[in-house]
2 protein chains.
Amino acid sequence: MLNEEEQLDLVFRALADRTRRGLVERLVRGPASVSELAAPLPMSLAAVVQHLRVLETAGIVRSEKVGRVRTCAIAPDPLRTGESWLSDRRTGWETRLDALGALIDSPGHNPPGQDTPVRGPNTVEGTPS
Amino acid sequence: MLNEEEQLDLVFRALADRTRRGLVERLVRGPASVSELAAPLPMSLAAVVQHLRVLETAGIVRSEKVGRVRTCAIAPDPLRTGESWLSDRRTGWETRLDALGALIDSPGHNPPGQDTPVRGPNTVEGTPS
DNA sequence: GACACAGTCAAGTGGTCGCTTGAGTTTCGC
DNA sequence: GCGAAACTCAAGCGACCACTTGACTGTGTC
């Protein structure tokens with residue numbers, strides 16, 4: 001069990017690497033063995049295994065060994081976690097902007113120009129006494 | 001100008017850190033100065049500035065200096081980029097699963113059991129001769 | 001003009017990352 | 001049984017990361 005912050009740490013960190021995103025893109029098209037995943041990549045098999053371990057620790061990939069072959073597949077839940085974090089922040093920002101727009105459109109209000117630095121209604125929000 | 005892969009590298013790397021995600025969450029609620037952002041955090045101001053630089057390099061934050069105060073704000077486009085990458089992979093995986101489900105449901109088909117290792121219809125996709 | 005505020009810059013440090021190499025181990029096909 | 005295939009493990013290495021400290025620069029206030 002790991003909380004949401006740890007989960008996000010692992011997921012975003014895992015996806016911050018191009019090789020690992022490539023592995024995810026490949027696995028989205030269907031499961032594959034470690035050797036199949038490593039074949040097109042310009043690095044050692046051991047390196048690919050390490051990348052897979054990062055993805056598996058993040059929960060993005062799960063794998064199962066049968067005989068001498070380890071088969072890997074996507075587990076999409078962590079992707080959803082990252083996606084909804086991003087979506088929540090973005091929509092939060094958009095609704096704030098909308099509210100700000102409504103405020104500016106209200107009659108008798110003097111809207112700031114483009115030369116004015118960007119400032120919200122709650123600039124000193126977290127400021128202590 | 002930087003291509004999508006570089007953009008994703010920077011965005012996911014920037015969001016892989018808890019402190020930086022915290023800065024984003026704060027900035028979603030409205031713009032703030034560097035000192036305001038640093039005040040509640042248990043680290044030096046210089047460290048916060050470094051985090052902000054990472055976010056700004058990723059394009060997630062933009063900032064403007066007026067007088068001696070630098071005011072930071074969210075720029076949501078990179079968040080969208082990350083969000084849609086995640087969404088595309090996830091939906092890609094889901095549609096593949098749907099197709100697989102339809103295949104299994106088709107009459108006369110012998111579906112694999114739970115004890116069978118996970119395998120798609122295209123396991124040997126990238127395998128060379 | 002003196003002083004403090006808000007930030008900037010540069011150097012340094014311990015830790016982690018991505019990758020390699022080399023030496024196992026287990027399993028499959030003959 | 002024997003050799004090849006498919007990993008697995010561990011050590012090592014250069015680069016990068018998060019953070020600190022200390023010196024410095026521009027800006028507002030008295």
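Lettering of chains follows the sequences in order, A, B, ..., and the numbering in each one begins at 1. Just so it is clear, the structure is predicted and the values come from calculations on it, not from any experiment.
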Peer 1: Which whole-number value in Å describes the distance from D17(A) CG to dT16(C) P?
Peer 2: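 The answer, rounded to whole Å, is 18 Å.
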Peer 1: Of the options dC9(C), dA18(D), dA6(C), whose atoms approach the side-chain atoms of V69(B) most closely?
Peer 2: dA6(C)
Peer 1: Picking from dC19(C), dT20(D), dT8(D), which would you name as closest to the side chain of A47(B)?
Peer 2: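 For the A47(B) side chain, the nearest candidate turns out to be dT20(D).
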Peer 1: Which pair of heavy atoms, one from R13(B) and one from R20(B), lies closest together, and at what distance?
Peer 2: O-NH2, 3.2 Å
Peer 1: Does a nitrogen or oxygen in the side chain of R13(A) sit under 4.0 Å from OP1 or OP2 of dT16(C)?
Peer 2: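 Indeed not, no polar side-chain atom of R13(A) lies that close.
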Peer 1: For R18(B), answer base if it contacts any base atom (sugar-phosphate contacts may also be present), sugar-phosphate if it contacts only those atoms, and nothing otherwise; contact means non-hydrogen atoms under 4.0 Å.
Peer 2: nothing
Peer 1: With respect to the phosphate group of dC19(D), does any side-chain polar atom (N or O) of S44(B) fall under 4.0 Å of OP1 or OP2?
Peer 2: no
Peer 1: Base of dT20(D), side chain of Q50(B) - is there a donor-acceptor contact under 3.5 Å?
Peer 2: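 A donor-acceptor contact between them is present.
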Peer 1: What closest approach, in Å, do L27(B) and A32(B) show between heavy atoms, and which atom pair accounts for it?
Peer 2: CD2-N, 3.9 Å
Peer 1: Counting the atoms with a prime plus P, OP1 and OP2 as sugar-phosphate, which does S35(A) contact under 4.0 Å by heavy atoms, base, sugar-phosphate, or nothing?
Peer 2: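 Sugar-phosphate contact only - S35(A) comes under 4.0 Å of backbone atoms but never of a base.
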Peer 1: Expressed as a whole number of angstroms, how long is the span from L52(A):CG to dG18(C):C1'?
Peer 2: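 Rounded to the whole Å, the gap is 14 Å.
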Peer 1: CG of L45(B) versus P of dC24(D): gap in Å, rounded?
Peer 2: 19 Å
Peer 1: So, is S33(B) close to the dA6(C) phosphate, meaning a side-chain N or O under 4.0 Å from OP1 or OP2?
Peer 2: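 Checking S33(B) against dA6(C): no side-chain N or O falls below 4.0 Å of OP1 or OP2.
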Peer 1: Look at R90(A) together with E94(A) and state whether they make a salt bridge at an N to O cut-off of under 4.0 Å.
Peer 2: yes
Peer 1: Test E25(B) against R89(A) for salt bridge (charged side-chain N to carboxylate O under 4.0 Å, His left out), laying out the working first.
Peer 2: CA-CA 7 Å; E25(B) 301 217 10; R89(A) 303 309 150 247; 3.5 Å; yes
Peer 1: Within the structure, does a side-chain N or O atom of R68(B) lie under 4.0 Å from either OP1 or OP2 of dT25(D)?
Peer 2: no
Peer 1: Strictly by modelled atom types, are E4(A) and T81(A) linked by a side-chain donor-acceptor pair under 3.5 Å?
Peer 2: no
Peer 1: Let me know the distance between CZ of R70(B) and P of dT25(D), rounded to the nearest Å.
Peer 2: 18 Å
Peer 1: Taking CG from L41(B) and C1' from dT20(D), how many angstroms apart are they, rounded to a whole number?
Peer 2: 15 Å
Peer 1: Within less than 4.0 Å of OP1 or OP2 of dT27(C), is there a side-chain N or O belonging to K65(A)?
Peer 2: no
